[in-house]
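Keep in mind that this is a model prediction, so the values were computed, not measured. Chain naming here is simple, since letters A, B, ... match the order of the sequence lines and numbering starts at 1 in each.
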Number of protein chains: 2
Amino acid sequence: MNQSLKLFTAGPVACFPEVLEAMKTQMFSHRSREYQELHMETIELLSWFLETRKTILLFPSSGTGVMEASIRNAVSHGGKVLVTIIGAFGERYAEVVEANGRTAIKLEFKWGEPVDLDRLKEALDLNPDIEAVAVTHNETSTGVLNPLKDIAKIVKKYDKLLFVDAVSSMGAADIKFDEWKIDIVFSSSQKAFGVPPGLAMAALSDEALELSRNMSGKGWYFDLYKYYKVQLEKKSTPSTPPIPQIIGLNVILKKIRDMGKYNWLDMYRRRSERIRDGVREIGLRLFAKEGFESPTITTIYSPEGVDGSIIYEEMRKRGFELAKGYGRIKKITFRIGNMGDIKDEDIDEMLKNLREVIEELKSR
Amino acid sequence: MNQSLKLFTAGPVACFPEVLEAMKTQMFSHRSREYQELHMETIELLSWFLETRKTILLFPSSGTGVMEASIRNAVSHGGKVLVTIIGAFGERYAEVVEANGRTAIKLEFKWGEPVDLDRLKEALDLNPDIEAVAVTHNETSTGVLNPLKDIAKIVKKYDKLLFVDAVSSMGAADIKFDEWKIDIVFSSSQKAFGVPPGLAMAALSDEALELSRNMSGKGWYFDLYKYYKVQLEKKSTPSTPPIPQIIGLNVILKKIRDMGKYNWLDMYRRRSERIRDGVREIGLRLFAKEGFESPTITTIYSPEGVDGSIIYEEMRKRGFELAKGYGRIKKITFRIGNMGDIKDEDIDEMLKNLREVIEELKSR
């Protein structure tokens, strides 16, 4: 493998050295005391980070696994979910709703824009029988961060469940689980936490947990109530957890605690600004609506007539792995992630190369 | 964590040093060429190992995830599955069947014994409408290896689907997927392959794949046909895979290839024999019926009046992590695993300590 590439990916991202070092820890049983301590300490650190006293769970899956769990555990069979769609991962949420025998009411917004609060209210007025609202906190395809706090306020005024896909935001954008009254929020290890993939984590409200308890046909693997009970009784997971990734997450959460939560989040904000400033200076246009730019990923229009994947390929030749466009804007965009172990000098070096690539491509 | 314990666990097991070293590889995107190469090479190695030209898939989950997938993708809603139960993991298969809205016809055998072939035929005669038979290849709770080849012959004579939980056998007991006409076999990384947990792998017959293609309500996360299609088109998985574990599995499969498949399997057979011989010499009784002993785990009756967990605790004090009894025989047994990075000297040292512990406990 070409290990010399500098990663500006959408995830998996470059992991912090202390995480990679921890990944090679010799294994131990997930029923041993050593595991129980690791598990509960990691849960506590996540509780602190998400500002919650509710239930936190760890899953041997990617984030999409918990997306599926939210539907199967907390929405009645055939029940309606209002899925807000601002890009490809909102579309995935709708697919997951339908694949699990529930009904997705799609509320689509122009790609590049966040959820419009008035249209959200309108949809909630029009569909009084919806049970839950699904929101992509940070849309990895468009590089847009949704105003989650404002969205949550509306959803809760209508007394609906709120499910949040925070796969590419948790660890980079603030989430106050209890204060915002979220019902299920989930993420995965390989994004803003800078840990290898294989682990998902979620926070659950009491109501979501109670719904799971009484849900039929929810399956075994993503039975949220079972996860809760096993954690309570055995300080572990129902089936074997991805121990190395949990060790890695534990290392990172302690790093964040030492640095201070808001200093850590600020690091991501500054990195993404540095990238946006640089990209604008090159003369490229950002895809995200101003004021709603993601702190973890920047989606950029490729110059007129240039396929975004060519920029990706040219940058690879120069040692930088960016991310191609995703979904329906695959051809007209490319993306620059800033999650994980990235230094300001790497960003500057990447931008310098990007300028040269763009100039070359324009002069062809 | 106490890293000095010698592991004789039921899994996660002690990983081989070259695997642990590989675990700290810096990450890369699961949509990159580097990942595609790793993915397809690992699939090819697994195909070779399982002697199959059918579909091999990798999952970001534990083995139980694929157990759930077998039911949701290849059994009709409400359809019947004959679940053979020779211990706790057979019971789990039945739970998974029921949790997914299918009907489990339980065929239970005395714990410690394998599936009785005559009773299997009888059950198949009595239940002509069953769609599939579920078998635990190696029952981790009782230390029994089922005669899979013979079972498969019968199941196929009755023209039923055959699902095999090979979580604690794949990598240690032979599986000839095509020749034995298995429909779905699955395992996970943290057992006989000696890789950390977080990755599951499966082989699928064409019929299982076709059933998945046409199945409704199968969900998104474990949609086997989707995995197949994405692998064909993108040489990757639908959602982010546990890359470090895949790197680890790749390393081990190459080690097995270099050593020769049957030499590798023989290593496990010899190790488990060494443990059984030693345990008998101490005067302890084995739980598994003679001739059906597992090549990966030995379940042992604790001496009359001694709780098996005390032996576990005493051995821990001496630096050996065995496994406690599991399920309904938790108190009257303890277990010694021999998967992963274990040397003959370690086995002898462990047995010497076990003898002392047993003598001490008996003289109390």
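With a threshold of 4.5 angstrom between heavy atoms, Lys191(B) does not approach chain A through any atom at all. Neither the backbone nor the side chain of Val97(B) comes within less than 4.5 Å of any heavy atom of chain A. The contact between Pro241(B) and chain A is made entirely by backbone atoms, counting heavy-atom distances below 4.5 Å. For Thr9(B), the part lying near chain A is the side chain, with the backbone staying farther off; criterion is any non-hydrogen pair under 4.5 Å. For Gln245(A), the part sitting under 4.5 Å from any heavy atom of chain B is the side chain, from C-beta outward, and nothing else. If you measure heavy-atom distances from Val13(A) to chain B, the contacts under 4.5 Å come from the backbone alone. Both the backbone and the side chain of Ile243(B) come within contact range of chain A, with heavy atoms under 4.5 Å apart. Heavy atoms closer than 4.5 Å to chain A are found in both the backbone and the side chain of Glu95(B). Residue Glu37(B) does not touch chain A at all, counting heavy-atom pairs closer than 4.5 Å. For a residue to count as touching a neighbouring chain, one of its non-hydrogen atoms must lie under 4.5 Å from one of that chain's; by this rule Pro238(B) touches chain A with the backbone only. Proximity to chain A is absent for every atom of Arg102(B), based on heavy atoms less than 4.5 angstrom apart.
Separating the CE atom in Met67(A) from the CZ atom in Phe186(A) is a distance of 4.0 Å, to the nearest 0.5 Å.
Annotation: Phe222(B) is in aromatic contact with Tyr221(A) [ring centroid separation under 6.0 Å].
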